[in-house]
Q: 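Attaching a single structure in structure tokens format; questions to follow.
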Amino acid sequence: MLTDSFNRKIDYLRLSVTDRCNLRCAYCMPSGGIRLIERKEMLSFEEILKAAGILSEMGIRKIRITGGEPLVREGIIDLIKQIKKIENITDISITTNGILLNKYLDELHKIPVRSINISLDTLDRQKYKKITRGGEINRVLDAISNSINIGIESVKVNVVITSLLDEEDIKGFAAMTLDKPVHIRFIEMMQPAGNDGIPEAVECSIIGGIDSLEFNDLRPGNPGHGLNPVDTIFSVMKKIGEYHAVNDKMGNGPALYYKFKQSRGSIGFIINDKNLCSYCNRIRLTPYGTVKLCLFSDKEYDIKKKMRDNRCAADIKAEIAEFVKAKPQNREESCRYVNKEKASINFQLKDFMNRIGG
Ligand code: SAM
């Protein structure tokens, strides 16, 4: 069993299979693009399987495939099938923007992938195009319906709270939970890596056209003035009807969930609270082959190098067991470490989300 120094059992791996993405969400990537990982630096499928195998022998039981956009990596379905065959892996799930999901849904369902998280930050076609810099919302809406209809056990919609999220969106998302077994999760935006939250723009690899928005344009209004965005969502929910907190634990994540009377789905919140993550059970594997302890930590264990140097699995396991002891207790501790020279705590990501995987 893999445990950290706070005696938390680590049994969940977020596996980011690529940094490539077919969208360019403005809060995730700058319009100028970012430096992509060189192919030779990316883990091959064999290396991913070997790393996942080693980690499963150490206690990892659940794996969520993410990216970049995982479905753009060629051969992804075969990779997921192989991961499913690893002894001890009991649960496999995926986080996707949904653009290619309709194409792969049947196969994912057959594997079976138990849970699919789909990212969608608005229900308005034009706003979606703006936020994602070119995405077609209908493909995502179809993917959500089809995932529910085909019988995926858990379908969640990740909604990052941007300045473009309005009452219509909130009502629409809430309405989805009334008659569909879908879980909407409103996520407070995290500041991306880089100076002042604006990641370094180095390589242009952009879908043409709509590229005017940047992270700061999507940052919701100053919470010090009037209602903060989360309060606004609650106030809209109040207008819709009575709701109550859901007590049973849903998944491993940090979300708190609420339900309207008789609704089939639920509404969750993932907010940038300093204590958030104190019961975290996950580690991450990046597409460039490092194990990470937290989204906000820059500590990495280079498992790719060890594997390419032909180090034996026993040595790697011993080093990972030691490395995991450095997992920060919570988000505050992680950010304090990252920003140790600063007096205030700044919930800023240490790497680009398209690399670490959200
Ligand atoms: N491409 C897939 C997708 O869109 O779901 C998987 C990778 S994406 C990085 C995973 C999640 O991270 C998405 O739900 C996305 O909205 C979220 N995300 C990206 N940047 C974020 C930020 N700055 N703050 C909060 N969530 C973010």
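Remember, it's 1-based here, ligands and their atoms both numbered in the order they're listed. The figures that follow rest on heavy atoms only: side chains count, while hydrogens, waters and symmetry mates do not.
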Q: Considering all heavy atoms of both residues, which atom of I89 and which atom of I60 are nearest to each other, and what is their separation?
A: CD1-O, 3.5 Å

Q: Mark up the atoms of ligand 1 that fall under 4.0 Å of a heavy atom belonging to T66, in ascending order.
A: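 Selected atoms, number and element: 6 (C), 7 (C).
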
Q: In terms of side-chain geometry, is the basic nitrogen of K304 or E47 positioned less than 4.0 Å from the acidic oxygen of its partner?
A: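 So K304 does not pair with E47 through a salt bridge.
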
Q: Go through ligand 1 atom by atom and flag the ones less than 4.0 Å from a non-hydrogen atom of M189.
A: 24 (N), 25 (C)

Q: For ligand 1 and Y27, I'd like to know whether there is a polar contact (N/O to N/O, distance under 3.5 Å).
A: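 Yes; the residue has a nitrogen or oxygen that sits under 3.5 Å from a nitrogen or oxygen of the ligand.
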
Q: Can you tell which part of N97 has a heavy atom less than 4.0 Å from ligand 1: side chain, backbone, both or neither?
A: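 Both backbone and side chain.
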
Q: Under a 4.0 Å heavy-atom limit, does T96 contact ligand 1 with its side chain, its backbone, both, or neither?
A: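 T96 to ligand 1: backbone contact only, side chain stays beyond 4.0 Å.
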
Q: Measure from the side-chain N and O atoms of D169 to the backbone N and O of D166, and report whether any donor-acceptor pair falls under 3.5 Å.
A: yes

Q: Which heavy-atom pair separates L71 from L100 by the least distance, and what is that distance?
A: O-CD1, 3.6 Å

Q: Specify side chain, backbone, both or neither for V160, according to which of its non-hydrogen atoms lie closer than 4.0 Å to ligand 1.
A: side chain

Q: Between Y257 and F269, is the gap from one ring center to the other below 6.0 Å?
A: no

Q: Is E167 salt-bridged to K171, cutoff N-O under 4.0 Å?
A: yes

Q: Do E69 and ligand 1 have an N or O pair less than 3.5 Å apart?
A: yes

Q: Look only at the side chain of T286 and the backbone of T290, and say whether a donor-acceptor pair between them is shorter than 3.5 Å.
A: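 Yes, the answer is positive, given that a donor and an acceptor are paired below the 3.5 Å cut-off.
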
Q: Could you name the option among R64, M190, K156 that has the heavy atom nearest to atom 25 (C) of ligand 1?
A: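 Checking each option, the heavy atom nearest atom 25 (C) of ligand 1 is found in M190.
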
Q: Looking at N158, which atoms of ligand 1 are within less than 4.0 Å of one of its heavy atoms?
A: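 In order of number, 14 (O).
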
Q: Nearest heavy atom to atom 6 (C) of ligand 1 wins, so pick from C25, S119, G68, G98.
A: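 Considering heavy atoms of C25, S119, G68, G98, the nearest to atom 6 (C) of ligand 1 sits in G68.
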
